[in-house]
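Structure, as structure tokens:
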Amino acid sequence: GEIPLDFTIKHPLQNTWSLWFYDNDRTKTWEENQIELTTFDCVEDFWRLYHHIKQPSELRQGHDYAVFKQGIRPMWEDDANKMGGRWLISLEKKQRNSDLDRFWLDVILLLIGENFDHSEEICGAVVNVRGKLDKIGVWTADTSKQQANLEIGRKLKESLGIHGKIGFQLHRDTMVKHSSATKNLYTV
Amino acid sequence: GTRIVYERSYLMSLRQSP
């Protein structure tokens with residue numbers, strides 16, 4: 001039968017993205033546990049990767065995935081993140097089976113599809129699988145760009161269908177306090 | 001400049017591409 005034209009070509013992405021995995025091996029340092037698994041620069045390679053790996057809900061607690069623009073490490077210390085922050089979406093344990101995986105996929109699709117007006121401010125996204133609260137963070141480069149960060153937050157809420165408020169935290173505040181005690185610079 | 005933008009629905013439609 002006929003193959004749709006869209007299935008015969010590769011669709012390039014605006015950016016090349018890296019998938020990272022945080023291993024949580026107690027014998028290693030935090031940095032050593034951050035593993036850059038692979039990169040992808042077209043839609044087809046993203047889907048091939050996505051279908052190959054476990055969903056966040058299947059990961060053991062203490063593990064993370066991160067999807068960041070190539071060259072940006074998923075850590076505060078990276079030059080691209082030093083002046084930045086994150087929109088934080090917290091999920092209760094009961095949401096692990098209903099919302100975690102679809103929120104994570106929708107966040108990645110927003111990122112790689114450049115669906116924010118201010119996509120240039122996006123560094124990447126992280127999903128933390130934890131005991132009490134799972135977290136998804138969308139990291140941006142410059143906390144002083146109010147309009148850009150607010151646009152990103154509103155787009156996230158709208159696309160994921162989140163009804164409650166979400167907050168934006170500076171990395172330098174999160175560094176010194178646990179995320180639940182960190183003040184929000186912005187809220188939408 | 002120009003930017004390559006894909007909406008969610010289009011990305012999802014390519015999910016089953018061989």
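Throughout, protein chains are lettered first and strands after them, A, B, ... in sequence-line order, and every chain is numbered starting at 1.
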Please determine whether the number of non-hydrogen atoms from other residues, nucleotides or ligands lying under 6.0 Å from atom NZ of K157(A) exceeds 12.
yes

Are M83(A) and Y186(A) in one and the same hydrophobic cluster, where Ile, Leu, Val, Met, Phe, Trp and Tyr link if side-chain heavy atoms are under 4.5 Å apart?
no

Toward chain B: residues of residues 107-115 of chain A with heavy atoms under 4.5 Å:
L109(A), I112(A), G113(A), E114(A), N115(A)

So which part of S119(A) gets closer than 4.5 Å to some heavy atom of chain B, the side chain, the backbone, both or neither?
both

Decide whether I162(A) and W87(A) are clustered together by the hydrophobic rule: side chain heavy atoms of Ile, Leu, Val, Met, Phe, Trp, Tyr closer than 4.5 Å, transitively.
yes

With a cut-off of 6.0 Å (strictly less than), are more than 12 heavy atoms of other residues, nucleotides or ligands near NE2 of H51(A)?
yes

With clusters defined by side-chain heavy atoms of hydrophobic residues (ILVMFWY) lying less than 4.5 Å apart, directly or transitively, does V188(A) cluster with L170(A)?
yes

Verify the neighbour count for atom CD of E36(A): are there more than 12 heavy atoms of other residues, nucleotides or ligands below 6.0 Å?
yes

For R102(A), look at atom CZ and say whether over 12 heavy atoms of other residues, nucleotides or ligands are found less than 6.0 Å away.
yes

Using non-hydrogen atoms only, which part of F46(A) is less than 4.5 Å away from chain B: side chain, backbone, both, or neither?
neither

Restricting to non-hydrogen atoms, name the atom on V43(A) and the atom on L14(B) that form the minimum distance, rounded to 0.1 Å.
CG1-CD1, 3.8 Å

Nearest heavy-atom neighbours spanning F116(A) and R3(B)
O-NH2, 3.1 Å

Determine whether more than 12 heavy atoms belonging to other residues, nucleotides or ligands lie under 6.0 Å from atom CE of M75(A).
yes

